[in-house]
Amino acid sequence: IPAQAETGSPQSGLSRLCLESEKACAYYYGDGKLAFITNWDSLSVGERFDRIDLSKGNALIPAQNDRKKYGYINTKGRWVIQPQFNWAANFANGLAAVQTERSSTSNYYAYINTQGQIVIPTGQYRNLNDFADNGLAAVRVIGKDNVAFIDKQGNIVKFTENGTDAKVFGNNGLVPLEAKDKNCREKLWGYADTSGNFVIPPQFANAEAFASNGLAVAQPFDTKNCGKDIYARSSIKGYIDSRGQWVIPPQYEEAFAFLDNGLAAVKYNDKWGMIDRQGNWVLAPTITNGASRNIEVFSTNGLLTGYIG
């Protein structure tokens, strides 16, 4: 299929095709049927719309209008939650993080439900992450340095003792948690359980959530020499298992989480390809692309779409 436009594709159900000559973007279902068409300038769908699961047919997609306000559209392109936010994230387990206010000194975030109602108000938390299947989200408490885990009512379930930053809980119930390493005095990433206890001690320069296949993207750090080793100090990435052991050794300039189709997008020698769980090339690294946000999307039908510049 010749490269002729900017495209994007989610894990389930919706793909995007933008034709510069027509100044319009068309969105298609996984079976190729047209979902809706938008004017290039009048509506901008969020960059991470590829993470939205459309299989239930009632997905809400964060989108920005021509006044730079965010709301949510459905898969037919109609506004379900009117544009009113300065920023909006994808819905996860019924709630989404939004930015309600912005000033020169502060940003205010809240969680809303699928009706657009604020259920966890502003002024309490920052660095909001998605709610996971376990009903918890990792956040930073305003006025505090440490990470807390909250439930869908906004109650603090666990206040971590030394977590300084966090990401979303993974499929195995572990959350990437940043903490200061006592030996190197560096902020490193490990994985903690819902009690805030580290199951995998902080040892990585960066770490992402575990995927459904039990692997997570991680970036190594030279803890023995406190970052002096050039190899371990580089930005290369690989995949670890739930014990923190390397399953696919660090070798990629960029790497994304495995999707449900068992494949992951990786960048090797400045070219993109696709690997399986064993690290074997399913699609050899042949695609040159500077727009990583577009190349990351793999759909469950096995097709890769991206911006070919």
Side-chain angles (χ1 to χ4, degrees), residues 1-12 15-16 47-51 167-168 170-172 174 176 178 186 188-191 200 202-225 227-309:
I1 301 174
Q4 53 186 309
E6 178 191 355
T7 61
S9 172
Q11 297 183 35
S12 175
S15 298
R16 175 178 60 189
E47 290 185 5
R48 306 196 72 80
F49 83 101
D50 54 281
R51 298 292 180 86
K167 298 179 182 180
V168 65
N171 284 70
N172 61 356
L174 300 181
E178 183 191 63
E186 294 272 356
L188 300 177
W189 289 85
Y191 291 84
I200 302 175
Q203 58 188 284
F204 304 107
N206 204 350
E208 303 296 337
F210 278 94
S212 58
N213 70 348
L215 300 185
V217 177
Q219 180 181 330
F221 181 84
D222 176 26
T223 53
K224 291 184 179 179
N225 300 297
K228 295 179 181 179
D229 185 276
I230 296 177
Y231 169 81
R233 191 158 42 102
S234 67
S235 60
I236 58 172
K237 298 176 181 179
Y239 295 84
I240 61 171
D241 60 20
S242 58
R243 300 171 299 167
Q245 302 297 313
W246 293 106
V247 175
I248 303 176
Q251 57 192 290
Y252 309 112
E253 293 121 50
E254 191 57 83
F256 293 104
F258 278 92
L259 301 182
D260 292 338
N261 62 4
L263 305 177
V266 294
K267 189 177 184 181
Y268 185 78
N269 286 339
D270 206 34
K271 293 184 178 180
W272 287 91
M274 182 164 53
I275 61 171
D276 62 19
R277 195 185 189 283
Q278 288 71 44
N280 301 315
W281 291 106
V282 177
L283 173 66
T286 55
I287 301 173
T288 302
N289 193 330
S292 63
R293 72 175 176 86
N294 287 319
I295 205 71
E296 95 175 271
V297 290
F298 286 86
S299 61
T300 50
N301 62 10
L303 296 179
L304 165 64
T305 60
Y307 176 81
I308 309 300

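Values below: every heavy atom of this structure, side chains too, minus hydrogens, waters and symmetry copies.
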Worksheet item: Can you list every salt bridge (Lys or Arg N to Asp or Glu O under 4.0 Å) pair that touches residues 205-217, not counting sequence neighbours?
Response: Lys167-Glu208
Worksheet item: What residue among Gln251, Gln219, Glu253, Glu254 forms side-chain hydrogen bond (donor to acceptor under 3.5 Å, both in side chains) with Lys237?
Response: Glu254
Taking all non-hydrogen atoms of both residues, which atom of [X] and which atom of [Y] are closest, and how far apart?
| X | Y | result |
| --- | --- | --- |
| Phe221 | Gln203 | CB-O, 3.5 Å |
| Tyr239 | Ala264 | OH-CB, 3.5 Å |
| Pro176 | Ala209 | CG-N, 3.6 Å |
| Tyr191 | Val217 | OH-O, 3.7 Å |
| Phe258 | Ile248 | CZ-CD1, 4.1 Å |
| Ala207 | Trp189 | CB-CB, 3.8 Å |

Item to complete: State, yes or no, whether a side-chain contact exists between Leu215 and Asp241 at a heavy-atom distance under 4.5 Å.
Response: yes
Item to complete: State which residues pass side chain to side chain donor-acceptor pair (under 3.5 Å) with Asn171; sequence neighbours excluded, sorted by chain then number.
Response: none
Practice prompt. With sequence neighbours left out, write down each residue that passes ring pair (Phe, Tyr, Trp, His ring centres under 6.0 Å) with Tyr252, or none if nothing qualifies.
Written response: none
Worksheet item: Taking atom CG of Leu283 and atom CG of Leu263, what is their separation to the nearest 0.5 Å?
Response: 9.5 Å
Worksheet item: Using 30° and 60° as the class limits, which term best fits the ring planes of Trp246 and Phe204: parallel, tilted or perpendicular?
Response: perpendicular
